[in-house]
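In what follows, chains are A, B, ... by sequence order, proteins preceding strands, each numbered from 1.
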2 protein chains.
Amino acid sequence: MRSRPPTIKDVAEQAGCGIATVSRVLNGTGSASADTRRKVLSAADALGFEFSALGRSLQSSSTKTIGCIVPSLANPVFAEVVQAAQQEAHLEGYQLILACSEYDEMQELQAARTLIAKQVDGLVLTVNNASDSEALELIRDRRLPCCLVYNRASFGLPAWAVDNRAAAREVAQAFHDEGHVQTGFLALRFHRSDRSRERYEGFAAACREFGMADPLLLEIEEQEGNLLELLGTLLAEHQALTGIFASNDFLALAAMKAARALGKRIPDDLSLVGFDGISTGLLVDPHLATVETDPRTMGQGAVQSVLARLLDRPTPDLPSAAATFSFRAGGSLGPPVPGKADGREAATSLPSHE
Amino acid sequence: MRSRPPTIKDVAEQAGCGIATVSRVLNGTGSASADTRRKVLSAADALGFEFSALGRSLQSSSTKTIGCIVPSLANPVFAEVVQAAQQEAHLEGYQLILACSEYDEMQELQAARTLIAKQVDGLVLTVNNASDSEALELIRDRRLPCCLVYNRASFGLPAWAVDNRAAAREVAQAFHDEGHVQTGFLALRFHRSDRSRERYEGFAAACREFGMADPLLLEIEEQEGNLLELLGTLLAEHQALTGIFASNDFLALAAMKAARALGKRIPDDLSLVGFDGISTGLLVDPHLATVETDPRTMGQGAVQSVLARLLDRPTPDLPSAAATFSFRAGGSLGPPVPGKADGREAATSLPSHE
DNA sequence: TCCCTTTTTGGAAACGCTTTCATCAAAGTG
DNA sequence: CACTTTGATGAAAGCGTTTCCAAAAAGGGA
């Protein structure tokens, strides 16, 4: 029919009354005679009228919108965080505007700017480096309700975070219990993620505490396709390691695959522990030992924290540090077995495949 | 400093000029003397002024925002779609508002309503049933620029879709080539996804075409935790099947695990083929045979289609049906080997694990 | 019937922006 | 020097709401 969507003015005209009355009737605020109500309702219905959130937001200076910035959705952890955040926001009638920083601080900052310009009512985000983020600075200065996820509290902002150091300590303990001494820490974009660094630092400190050798830091820069090759090279260069703690599960699984291609038995020749606890870890054989976290709770909690500030509700309790993760044992971690560790070509150790 | 964010009026006051001038200077539209320009710029800077997208949108009736509805982010396919869509939108200065339908038509409709009320400039979405979606009806009636993803074209809306039937035919062909006759089709929420149904129909038709038995339809309703148990039961009930085509990779991987728990060798006792081509399929052993699709291209393309309409650009070409997928061979599909098929308890067939 | 209270109603302002239009001064032009 | 052109500028309208306020209508009691 009409190309321009109908406005409240159109409804008023059709119903033969003023726009104020239409607003009152349709919003159920204020009084109106039964007759007027009927006329307004039918006019609105006939025109297929819906309020424009724009005019409303301008007026109320509340957009019912929450901004969400995560590094990437390629990581299922963040995908889950976002999904849970979206659901939680939806429950209260809020929408989520999504932005991905691609692990880049400039994009992170720009995203924050854009979302602020869009007048989001609050923000939920995972930044690359919580202790030094221009985006967080901006948000703090703007006094915008905000909550961090998977970052530790910073800039005075609340955070639903995993205690990476404590978790890493448990991993070190597990390695130690199995008798490992020389381990490595494998990270994908080490300098771009404070989470990765915290895990490494906690791991290194704990290794020292348990009297193990300092873990070797194995960094990989980019994820360009040849990840498996890079891992293969890296593993080949460090045959002495009996165990590797990877900064996330995908990396651990990829390392598992690369190690096998090198003829290594898991866990006899090389033990592996991941981080995150994604479900894929339970589909492989042996199961991936890992640190389980709960992305859904994190995303949901972060939104609740923000909403609490917006709606003047009591702030939800942040989880105690110890409750933010749990070590999950798995067949990929076992005692080192000195056996035939160095068979370069060993397709035979790849099961059910010959 | 000030609790209320500064408006253009504040800047004008501080710079000692009219708001129109501020708008012109800051937007780089229209002319202004060097002196005024300087004053405006410094005033804006001093106040930390940023335009409110709200006022601007109200005025221009364009929010620079695209709505995005997908069933869930738990499926990495959709996570990638959303990520790619977000990136592509971002390139043109558009933001993405995200909504998840949770495979529920009511939520799907409600999301569409909300996004429309939020005055999104366009929509990119995957619906549950493209041929019969109230949400799509609404969108079509509103004449909103919109593009479907992973659904086939419907309601006159363009679509970046996978040719599910053709893909399923290739899977049937592959099963046939390996000598399978009695296969099954495994689906998670069959009645909630037209994609799943199309795959089944295409598969069934092709099986018939190749002279195979009609595939058994194995449905699973909900995904509540015990998925592996359900799969185990299901598989135990249908020992005659030599091959299973799953409606997505996760399901195929889970089935693989469940089958092994039953003592089945993959692929000798049971061949498996998935759909989607998620990277996890390459981390397991043997590799999962599957139909690869390209969620990034889909998401990106869909946004381009919408943007083309918004910015009056030539419509991007939709991919030819055949180019929307490619069959990926994998060790999980092989010829059926009658051997010791029925060992109920057979931990031995689980490799490197005893 | 008149006056007072209560309910219903619409005009108008405000929200923050862009854009048109008219004004005014400066700068050319003859 | 009178006259036109040009550039710079601000007032005001309009975008779609909500809400305040005053006016009008409707009851109610004497």
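- Proximity of a side-chain donor or acceptor of A:Gln83 to a complementary backbone N or O of B:Leu73 within less than 3.5 Å is detected.
- For the pair A:Arg189 and A:Tyr103, the distance from NZ or CZ to the six-membered ring centre is under 6.0 Å and the angle to the ring normal is within 45 degrees.
- Taking the side chain to side chain contact (heavy atoms under 4.5 Å, CB included) definition, one finds that A:Ala308 meets it with A:Arg313, A:Pro316, sequence neighbours left out.
- B:Cys17 is listed as a side-chain neighbour of B:Val22, based on a closest heavy-atom distance under 4.5 Å.
- Taking the screw axis at each terminus of the helix from C:dT1-D:dA30 to C:dG30-D:dC1 from five consecutive base pairs, the angle between the two is 60° to within rounding of 10 degrees.
- When side chains are defined from C-beta on, A:Tyr150 counts as touching A:Thr293, because their heavy atoms get closer than 4.5 Å.
- Listed by residue number, A:Arg24, A:Asn27 are the residues of residues 24-33 of chain A with a heavy-atom contact under 4.0 Å to DNA chain D.
- Considering only residues two or more places apart in sequence or on other chains, A:Glu13 meets the salt bridge (charged side-chain N to carboxylate O under 4.0 Å, His left out) condition with none of them.
- Within 6.0 Å of atom CD in A:Glu105, more than 12 heavy atoms from other residues, nucleotides or ligands are found, so the atom counts as buried in its surroundings.
- Contacts between residues 36-45 of chain A and DNA chain D, counted as heavy-atom distances below 4.0 Å, involve no residue at all.
- What separates CD1 of B:Ile8 from P of D:dA11 is a distance of 13 Å, to the nearest Å.
- Along DNA chain C, the nucleotide nearest A:Val22 and the nucleotide nearest B:Ala53 are compared for position; the residue whose nucleotide lies closer to the 5' end is A:Val22.
- For B:Phe51, the ring-ring contact (aromatic ring centres under 6.0 Å, His included) partners are B:Phe49, not counting sequence neighbours.
- Across the interface with DNA chain D, nearest-nucleotide mapping of A:Ser52 and B:Cys17 shows B:Cys17 to be the residue nearer the 5′ end.
- By the 4.5 Å heavy-atom criterion applied to side chains, B:Arg195 and B:Thr126 are counted as neighbours.
- Taking the side chain as every heavy atom from C-beta outward, B:Ile97 and A:Leu96 never approach each other to under 4.5 Å.
- Between A:Arg56 and D:dG16 there is no side-chain polar atom (N or O) within less than 4.0 angstrom of OP1 or OP2.
- Of the side-chain N and O atoms in A:Ser23, none sit less than 4.0 angstrom from OP1 or OP2 of D:dT17.
- Between the CG atom of B:Leu54 and the C1' atom of D:dT18 there is a distance of 14 Å, given to the nearest Å.
- A:Glu137 pairs by the salt bridge (charged side-chain N to carboxylate O under 4.0 Å, His left out) definition with nothing, not counting sequence neighbours.
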Throw together a table of side-chain donor-acceptor distances under 3.5 angstrom for residues 111-120 of chain A, partners on residues two or more places apart or in other chains.
{"unit_1": "A:Thr114", "atom_1": "OG1", "unit_2": "A:Gln110", "atom_2": "O", "d": "2.8"}
{"unit_1": "A:Lys118", "atom_1": "NZ", "unit_2": "B:Thr63", "atom_2": "O", "d": "3.3"}
{"unit_1": "A:Lys118", "atom_1": "NZ", "unit_2": "B:Lys64", "atom_2": "O", "d": "3.3"}
{"unit_1": "A:Lys118", "atom_1": "NZ", "unit_2": "B:Thr65", "atom_2": "OG1", "d": "3.4"}

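- Using a 4.0 Å heavy-atom cutoff across all strands shown, A:Gln119 reaches no nucleic acid atom at all.
- Residues forming a side chain to side chain contact (heavy atoms under 4.5 Å, CB included) with A:Leu91 (at least two apart in sequence, or on another chain): A:Glu88.
- Applying the side chain to side chain contact (heavy atoms under 4.5 Å, CB included) test to B:Pro158 and every residue at least two apart in sequence or in another chain returns B:Cys147.
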Can you give me the N/O atom pairs linking the protein to nucleotides 22-26 of chain C at distances under 3.5 Å, or say none if there are none?
none

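- The distance from atom CD of A:Glu13 to atom P of D:dG16 is 13 Å, rounded to the nearest whole Å.
- The side-chain heavy atoms of A:Glu50 and B:Arg142, taken from C-beta on, include a pair separated by under 4.5 Å.
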Output one line per pair: protein atom, nucleotide atom from nucleotides 12-15 of chain D, and distance, for all N/O pairs under 3.5 Å.
none

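- Annotation: side chain of A:Glu92 is not in contact with side chain of A:Leu310 (no heavy-atom distance under 4.5 Å).
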